[in-house]
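This report refers to the structure that appears directly beneath it.
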Amino acid sequence: MKKIKVNLDKRVSSSYEIYIGYDILDRIGLIIAKNLPARHYVVVSDSIVAPLYGQPLLSRLRGMGLSVDMVDFPAGERSKNISTTLAIVERLLELGADRSSALLALGGGVVGDMTGFIASTFMRSVPYINIPTTFMSQVDSSIGGKTAIDLREGKNLLGTFYQPRGVLIDVKFLDTLPETEFYNGLAEVIKYGIIEDVELFRFLEKNVNDIKGRDYGILVKVIESSCRIKKGIVEIDERDNGLRRILNFGHTIGHALEAESAYTISHGVAVSLGMTAAVRVSEKLYDFPGEERNRIETLMEIVGLPCRIPQEVRTDGILSRLKMDKKKEGNVIHFVLLKKMGMPFVNGGVPESVLRETLEGLRK
Ligand SMILES: NC(=O)c1ccc[n+]([C@@H]2O[C@H](COP(=O)([O-])OP(=O)(O)OC[C@H]3O[C@@H](n4cnc5c(N)ncnc54)[C@H](O)[C@@H]3O)[C@@H](O)[C@H]2O)c1
Ligand SMILES: [Zn+2]
């Protein structure tokens, strides 16, 4: 089992460890008991993950003599809202949870974001541990302490910065993960390779077939590299005031695409299209090397993440969504662009004509 320490500024948050391994459910109980001793634990999960992994986790923890309950809610982003939050909190109260309780978030990013949010506010905060079960949450959302729920007006509008006491990653959870969800995670991993770690990018190029075949040895390595990159960025900029912005690479256009397709395009596909667009803009405006653009687009193609925007998602629609973002953000859109691989920077505005030409170019 690998162990990675997240070192945070003591005045703001406590440091914690990320554990990564394959088939480590038996050891997770010991790690929880050691890192986060509590009178009472509540596993928070969703309706898909609870029967798959919640019950086995519960019986192991109970077998160790720990007092544990479980609360679950209907799976999916649509549950990441205030009414589900209140329903979970009410269940916690019914179960007798108090300040001596601890929460265990078992699931994808939805479970992690919402459980973290509840942990940061329930009885003025209780500790929690993240046990991410999707590829996306194992490489991205479980690390960094951003918690949130969605409001009708938009995603992640109510949230806190609140670090977990530990992150426990069992790669075996990925055995049951549907294909689309797997690709959502893969897009974020490719993002790390492009913005921060050319070595990781090379590793992805070399091992693409084993990754697609979910070879667990290779996945452990990919997840470990990804966690190291994300934690390195979070250590420098825990509160998202600067460097952490580079993690938005591919996400500005990606979010506009997701919304304009009425969320029929998945996050992973939208981000990979957003990354391709950002790379092409970088080539036009900042001489990003054409051969590196080719490498990126080839890798996306081989893994099966498309580089082409579907016809029905209109360029004008995408551009007007970007303009709406611009109004919200004080009249500039912060695009993350690249001088070359591993050298991202935040640009304060791309001319509309360049964006239009780039988006149209992604249809051919
Ligand atoms: N906090 C952050 O820094 C951060 C970063 C990125 C994304 N996010 C948030 O993460 C959320 C997306 O997370 P996600 O992609 O993990 O989605 P998700 O939590 O909705 O999980 C996707 C689906 O996979 C199912 N699932 C989970 N684990 C499974 C497993 N092992 N086997 C079979 N099915 C499984 C879930 O039940 C769900 O239906 C979004 O709300 C996004 O805003 C947060
Ligand atoms: Zn993302």
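For ligands, and for the atoms within them, numbers begin at 1 and follow the listed sequence. Any value given below was found using the heavy atoms of this structure, including those in side chains, with hydrogens, waters and symmetry copies removed.
Residues Y41 and A33 approach most closely at OH-CA, 4.1 Å, considering heavy atoms. Smallest separation of non-hydrogen atoms from S45 and L106: OG-O, 2.7 Å. Contact record, M114 with I149: CG-CG2, 3.8 Å, taken as the closest heavy-atom pair. When every heavy atom of N184 is checked against every heavy atom of G268, the shortest pair comes out as OD1-N, 2.7 Å. Scanning all heavy atoms of the two residues, the minimum distance from I24 to I169 falls at CD1-O, 3.4 Å. When all heavy atoms of E352 and K323 are compared, the closest pair comes out as OE1-CE, 3.1 Å.
Ligand 1 has Y53 within reach: a non-hydrogen atom of the residue lies less than 4.0 Å from it. P178 counts as a contact of ligand 1, since one of its heavy atoms falls under 4.0 Å from the ligand. Residue contact annotation: K172 has no non-hydrogen atom under 4.0 Å from ligand 1.
Among D113, N156, D240, the single residue meeting the side-chain hydrogen bond (donor to acceptor under 3.5 Å, both in side chains) criterion with K146 is D240.
Nearest protein neighbour of atom 24 (O) of ligand 1, counting heavy atoms only, is E181 CG, 3.9 Å. Nearest protein neighbour of atom 3 (O) of ligand 1, counting heavy atoms only, is K230 NZ, 3.6 Å. When only non-hydrogen protein atoms are considered, atom 42 (C) of ligand 1 lies nearest to K80 NZ, 3.8 Å. What sits closest to atom 26 (N) of ligand 1 on the protein, heavy atoms only, is V49 CG2, 3.8 Å. Looking only at protein heavy atoms, the nearest one to atom 41 (O) of ligand 1 is E77 OE1, 2.6 Å. In this structure, atom 12 (C) of ligand 1 lies nearest to the protein heavy atom M136 CE, 3.9 Å. Here the protein heavy atom with the shortest distance to atom 38 (C) of ligand 1 is D46 OD2, 4.1 Å. Residue, atom and distance of the protein heavy atom nearest to atom 32 (N) of ligand 1 are T176 OG1, 2.7 Å.
With a 4.0 Å heavy-atom cut-off, ligand 1 is reached by no atom of T147. At a heavy-atom distance under 4.0 Å, only side-chain atoms of N156, from C-beta outward, approach ligand 1. Contact annotation for T133 and ligand 1: heavy atoms of both the backbone and the side chain come within less than 4.0 Å of the ligand. In S141, the parts holding a heavy atom less than 4.0 Å from any atom of ligand 1 are both the side chain and the backbone.
Contact atoms of ligand 1 toward D140: 5 (C), 6 (C) (distance under 4.0 Å to a heavy atom of the residue). Shown in contact with A75 at under 4.0 Å from a heavy atom are these atoms of ligand 1, numbered in order with element: 37 (O), 39 (O).
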Show me the donor-acceptor pairs within less than 3.5 Å that the side chains of residues 336-348 make with the rest of the protein, sequence neighbours left out.
residue	atom	partner	partner atom	Å
N347	OD1	G349	N	2.6
N347	ND2	Y286	OH	2.9
N347	ND2	G349	O	3.3

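Side-chain N or O atoms of N81 include none that pairs as donor or acceptor with a backbone N or O of D150 at under 3.5 Å. S47 contributes a side-chain N or O that, together with a main-chain N or O of A75, makes up a donor-acceptor pair within less than 3.5 Å.
Atom CG of D287 has 12 or fewer neighbouring heavy atoms from other residues, nucleotides or ligands inside a 6.0 Å radius. The number of heavy-atom neighbours closer than 6.0 Å to NZ of K206, taken from other residues, nucleotides and ligands shown, is 12 or below. Within a 6.0 Å radius of CZ in R27, other residues, nucleotides and ligands contribute 12 heavy atoms or fewer. Counted within 6.0 Å of NZ on K212, heavy atoms from surrounding residues, nucleotides or ligands total more than 12; the atom is thus considered enclosed.
At a threshold of 4.5 Å between side-chain heavy atoms, the hydrophobic network of Ile, Leu, Val, Met, Phe, Trp and Tyr places F173 and Y22 in two separate groups. F182 is connected to V303 through a chain of hydrophobic side-chain contacts under 4.5 Å among Ile, Leu, Val, Met, Phe, Trp and Tyr, so both are in one cluster.
Checked against the 6.0 Å centroid criterion, the rings of H334 and H251 do not qualify as a close aromatic pair. Taking the six-membered ring for Trp, Y162 and Y128 have ring centres closer than 6.0 Å.
For N184, no nitrogen or oxygen atom sits less than 3.5 Å from a nitrogen or oxygen atom of ligand 1, counting backbone and side chain alike. Checking only distances, K146 does come within under 3.5 Å of ligand 1, N or O to N or O. Where the criterion is an N or O separation shorter than 3.5 Å, residue side chain and backbone included, V110 meets it with respect to ligand 1. Residue S137 has no nitrogen or oxygen atom sitting less than 3.5 Å from a nitrogen or oxygen atom of ligand 1, judged on distance alone. An N or O contact shorter than 3.5 Å is missing between I143 and ligand 1 by distance. Residue F173 places at least one N or O, backbone or side chain, under 3.5 Å from an N or O of ligand 1.
Relative to atom 21 (O) of ligand 1, the option among I149, T134, D72 with the closest non-hydrogen atom is T134.
Atoms of the protein (N, O or S only) found under 2.8 Å from the Zn ion (ligand 2) are E188 OE2, H251 NE2, H267 NE2.
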